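To start, the structure under review is shown below, and the notes come after it.
In what follows, residues are counted from 1 in the order of the sequence shown. Note: hydrogens, waters and symmetry copies are ignored here, and every other heavy atom, side chains too, is used. Given the structure is predicted, the values throughout are model-derived calculations rather than measurements.
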Amino acid sequence: MNKFDVIVAGAGHAGIEAALACARVGLRTALFTISLDGLANMPCNPSVGGTGKGHLVFEIDALGGEMGFAADAATIQSRMLNTGKGAAVRSKRVQADRTKYRENMKRTLESTEKLFLIQAEVCSVLTEKTGGELRAVGVYAEPGGEFLSSAVIICAGTYLGGVTHVGDVSRSGGPDGMLPSSGLTGYLRDAGIRLMRFKTGTPPRIHKRSIDFDVLELQQGDEYITPFSVRTNADALNSIAQSACHIVYTSEATHNIIRDNISRSPLYSGKIHGTGPRYCPSIEDKVMRFPDKERHQLFVEPCGLDTDEIYLQGFSSSLPADVQYKMLRSLRGFEDAEIMRYAYAIEYDCIDPTELYPTLEFKKISSLYGAGQFNGTSGYEEAAAQGLVAGINASLKVRGMEQIVLPRQSSYIGTLIDDLVTKGTHEPYRIMTSRSEFRLLLRQDNAESRLTEYGAAAGLISKERAEAAAERERAVTEECERLEHLNFGPAAVNALLESHGTTPVTSGISAADMIRRPQITYDVTAELDPERPELSPSLRHRVETEIKYAGYVRRQIDEANRQAKSENTRLPDDIDYGLIKGLRLEAAEKLSSVRPASIGQASRISGVSPADISVLMIWLGMKK
């Protein structure tokens, strides 16, 4: 009864994806959580996606993960961000019904064959030494005792050594008043794993009846909702009545209240020692770091359809309760605000991610994997992406198959993991489109074409789904080729071109060249092209993007292919870098610590110069 193929510790967004990935390929999988009521919880903000993060959700779905499908089912408002910018940086974000998301995920886990949910705290990992290699063989949990397995995945989130702060009130605890995980930190430290202390936080929740929405700026959802998941029925999703969100701004009065009470913030009094996220700072941090900024934008968002709790995005704080009331009531429309849940900061333990291989397996302990905020990241989406990769690789290793490494040029998931295990992080890592040098190739709309083969190889994408993906890809390719060869004379197109504010032509023009003009979309050309095939809105958008950016895409593909050559130049894991003549001492130390899998990964390590890479290449050539 206590023997499993894979054990997953933690049932947040990382743990869920890891457990599902293992169970869905037929492995007997145990998912441990301190509380089944905290499973798939959204303690920070009731949303999925956002800038860069939306890309991750599309990629998770393309690999066979669950987050996108669950987010679609819980959507109460959807918006595509950055629509005024290029296609590479457009990112979908949905406001989700927090309770519905959690309930849907729990039901999915409960109904998955070979997946066992266990409410208990994993306190340590059981190991044994075989042939000089230390290997994970199970866990010790309370209650329950010893549970054996062939692989273990740690997804502890912000529970590990968790301490919450509201002013001068500090308590051991996880998010949303849950119990912390207290045992694993000591085990990891004793095992020689490098640990870090990070911090995150969340805003207060306000009762809906106490807000005057009439004076707030209204923010509606998109007219058409593009699903995260190919499994979602787009027509059904677009039939929902989207909830309204609103915008409010801080004022000089808000800022003065914060400045007058900054000494009472545990961030500034020295009580908090963990490093917080640079790209999602608390409101007091914003005010103190940007003193010349007259106001900060805040988003007023519902937590769900069956609750009156309202979330105030951008108002994260650890100030005392009385100060939180004063700050809130200085906002327009919040003069009578009633706080239902106070804002708080939470400190937690996580590992130095350079302790991991790109497969997310620990270097020091075989068959032990880490994923999520446990690896030093922030956000549900980053966590889910890592959990899925850790689950895929643990399942492949248990089945005696080769593990996968997603290259940087394949995905934002690959970029995220490569950044973590190669460069490490000194603050909670957040994915952004600017982190990828191939962002025009890594758009949301082509995630399926980029990653379905990986999901199929892992056993998470069925033959039927892979064939359907291939058919959609063929439809896009064929339509792009058709438009390149479809030509119109001036008499046919000039009225249309002039009506859209673009220069008329004096000779023939292809449909593709028309679409390449900024003012012309694929849909605009429909009246000239009655023979065009029936395509879904998402495929029409994909066709337009492929055509408009064709030249830039080709250049990035060439660069990605050049980088792939260095990624394919493998480095043996047992190299003694200290014995390589010509390699600088700093480079040898960094290479010995990270143990890069390839020349490409070695070139991205801080402290390793192009000259050091040349020495490595010469050394490799001499070894052949």
Using only atom types and a distance under 3.5 Å, with no angle test, would you say the side chain of Glu17 pairs donor to acceptor with the backbone of Ala385?
no

Student check: side-chain heavy atoms of Ile392 and Leu388 closer than 4.5 Å:
yes

Minimum heavy-atom separation for Gly372 and Ala14, please, with both atom names.
CA-CB, 3.9 Å

Greater than 12 external heavy atoms within 6.0 Å of Glu223's CD
no

Option among Arg98, Arg93, Arg79 that satisfies the salt bridge (charged side-chain N to carboxylate O under 4.0 Å, His left out) test with Glu301
Arg93

NZ of Lys286: more than 12 outside heavy atoms within 6.0 angstrom?
yes

Under 3.5 Å, is there a donor on one side chain and an acceptor on the other for Asn375 and Thr377?
no

To the nearest 0.5 Å, tell me how far Gln324 CD sits from Tyr342 OH.
7.5 Å

Distance-only side-chain donor-acceptor flag, Arg259 / Asn256, under 3.5 Å:
yes

Would you say the side-chain atoms of Arg171 pair up with the backbone N or O of Gly177, donor to acceptor, closer than 3.5 Å?
no

Is Asp61 paired with Arg231 through a side-chain N to carboxylate O contact shorter than 4.0 Å?
no

Aromatic Tyr429 / basic Arg435 pairing, under 6.0 angstrom, 45° off normal
yes

Between the main-chain N or O of Ala156 and the side-chain N or O of Gln373, is there a donor-acceptor pair closer than 3.5 Å?
no

From Thr75 OG1 over to Lys92 NZ, what is the distance, rounded to the nearest 0.5 angstrom?
5.5 Å

For the CG atom of Asp445 and the CZ atom of Arg540, what is their distance to the nearest 0.5 Å?
13.5 Å

N/O donor-acceptor pair under 3.5 Å between Asp97 side chain and Leu305 backbone:
yes

Less than 3.5 Å apart, any donor N or O on the side chain of Ser170 or Lys271 sitting next to an acceptor on the other?
yes

Pair Thr521-Asp523, side-chain donor/acceptor within less than 3.5 Å:
no

Judged by atom type as modelled, is there a donor-acceptor pair below 3.5 Å linking the side chain of Asp168 to the main-chain atoms of Pro320?
no

Examine the side chains of Ser411 and Arg450 and answer whether a donor and an acceptor come within less than 3.5 Å of each other.
no

For Leu109, run the side-chain contact (heavy atoms from CB on, under 4.5 Å) check against Thr33, Thr29, Leu39 and tell me which one passes.
Leu39

Please say whether more than 12 non-hydrogen atoms of neighbouring residues, nucleotides or ligands are located less than 6.0 Å from CZ in Arg295.
no

List the steps and the verdict of salt bridge (charged side-chain N to carboxylate O under 4.0 Å, His left out) for Arg102 and Asp37.
CA-CA 9 Å; Arg102 184 174 67 243; Asp37 295 326; over 6 Å; no

Can you tell me how the ring of Tyr348 sits relative to the ring of Phe198, calling it parallel under 30°, perpendicular over 60° and tilted otherwise?
perpendicular

Testing Leu328, Ile310, Val166 one by one against Pro204 for a side-chain contact (heavy atoms from CB on, under 4.5 Å), which residue passes?
Leu328

Between Asp349 (side chain only) and Thr185 (backbone N and O only), is there a donor and an acceptor less than 3.5 Å apart?
no

Strictly distance-based, threshold 3.5 Å: is any side-chain N or O of Glu121 a donor or acceptor partner for the main-chain N or O of Ser182?
yes

Between the main-chain N or O of Ala337 and the side-chain N or O of Arg329, is there a donor-acceptor pair closer than 3.5 Å?
yes

When rounded to the nearest 0.5 angstrom, what distance separates CG in Asn41 from NZ in Lys106?
13.0 Å

Return the CD1 to NE2 distance between Ile211 and His246, rounded to the nearest 0.5 Å.
9.5 Å

Evaluate side chain to side chain contact (heavy atoms under 4.5 Å, CB included) for Phe58 paired with Leu451, printing each intermediate quantity in order.
CA-CA 10 Å; Phe58 280 97; Leu451 296 174; over 6 Å; no

Using only atom types and a distance under 3.5 Å, with no angle test, would you say the side chain of Glu284 pairs donor to acceptor with the backbone of Ile258?
no

Over-ring placement of Lys53 relative to Tyr380, 6.0 Å and 45° cut-offs:
no

Donor-acceptor pair between Arg205 and Thr202 side chains, under 3.5 angstrom
yes

Indicate the ring-plane relationship of His296 and His255, choosing parallel, tilted or perpendicular according to the 30° and 60° boundaries.
tilted

Identified salt bridge (charged side-chain N to carboxylate O under 4.0 Å, His left out) counterpart of Glu427 within the set Arg197, Arg278, Lys199
Arg278

Taking only Lys NZ, Arg NE, NH1 and NH2, and the carboxylate oxygens of Asp or Glu, determine whether Glu110 and Arg107 approach each other closer than 4.0 Å.
yes

Whether the Glu347 and His165 side chains hold a donor-acceptor pair (N or O, under 3.5 Å, no angle test) is what I'd like checked.
yes

State plainly whether the residues Arg542 and Glu448 are in salt-bridge range, i.e. N to O under 4.0 Å.
no

Rounded distance [0.5 Å steps], CD1 in Ile262 versus CG in Asp285:
7.5 Å

Arg264 side chain to Asn261 main-chain N or O, any donor-acceptor pair under 3.5 Å?
no

